[in-house]
Amino acid sequence: MKKMPNKVDVPSVKSVISKHEGKAGSLLSILEELQENDVHKHLSEEILMQVAQKAGIPLSQVYSVATFYSFFNLKPQGKHTIVVCRGTACHTRGSRALLLESAAQLGFTDFVEEDESALTTPDRKFTLRTVACFGQCALAPVVAVDGTIHSHVTPGKLLKLIQKIQKEESR
Ligand code: FES
């Protein structure tokens with residue numbers, strides 16, 4: 001009989017756990033690696049349950065770590081990520097306009113900053129999120145595009161960056 005493929009790669013969860021088990025901060029490292037391995041860069045409920053079960057850690061503890069650190073995503077992420085800093089230094093140098101400009105360019109027409117900390121386009125090409133501070137306040141306003149920090153960003157500069165990726169994606 002043909003074996004049904006598993007939706008989640010169980011052996012890889014097991015191997016990630018055994019790679020980090022027993023080391024300081026092992027749960028963080030396990031979750032970090034599993035998120036990195038995930039095609040949509042997130043930790044699904046199923047993965048969190050597997051980690052708890054296979055590592056023998058209470059599910060509540062796994063959840064509290066996954067929800068405490070902002071770099072863990074519990075929802076599927078877009079292929080490209082735009083992170084706009086909304087800390088004080090960046091805010092005073094115009095980061096709200098950057099956020100609104102990005103939201104409009106990505107088609108989040110009814111975007112309300114206070115309601116969402118991250119939004120992903122329906123085609124999962126882009127995720128737009130905010131961060132409290134990158135620790136690069138002298139370079140404000142700061143935006144990270146696919147992990148690359150851009151300093152002294154203007155709405156025009158950010159628009160060009162997004163449009164460039166959109167053009168590449170539409171090819
Ligand atoms: S406030 Fe934006 S980098 Fe610190």
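We count ligands from 1, going down the list as the structure has it; atoms in each ligand are counted the same way.
Residues that satisfy the ring pair (Phe, Tyr, Trp, His ring centres under 6.0 Å) test with Y63, not counting sequence neighbours, are absent from this structure.
Counting only residues at least two apart or on different chains, the salt bridge (Lys or Arg N to Asp or Glu O under 4.0 Å) pairs with a member in residues 76-104 are K79-E169, R86-E113, R96-E113. Applying the salt bridge (Lys or Arg N to Asp or Glu O under 4.0 Å) test to every pair with at least one member in residues 130-140, sequence neighbours left out, gives no pairs at all.
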- request: In sequence, state the C-alpha distance, the side-chain angles, and the governing distance for T127 and T120, and then conclude on side-chain hydrogen bond (donor to acceptor under 3.5 Å, both in side chains).
  value: CA-CA 4 Å; T127 291; T120 298; 2.7 Å; yes
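Ring-plane geometry between H40 and H42 is classed as tilted, the angle between the planes lying from 30 to 60 degrees on a 0 to 90 degree scale.
Counting only protein N, O or S atoms, 2 lie closer than 2.8 Å to atom 2 (Fe) of ligand 1.
T81 has its side chain within reach of R129: a pair of non-hydrogen atoms, C-beta onward, lies under 4.5 Å apart.
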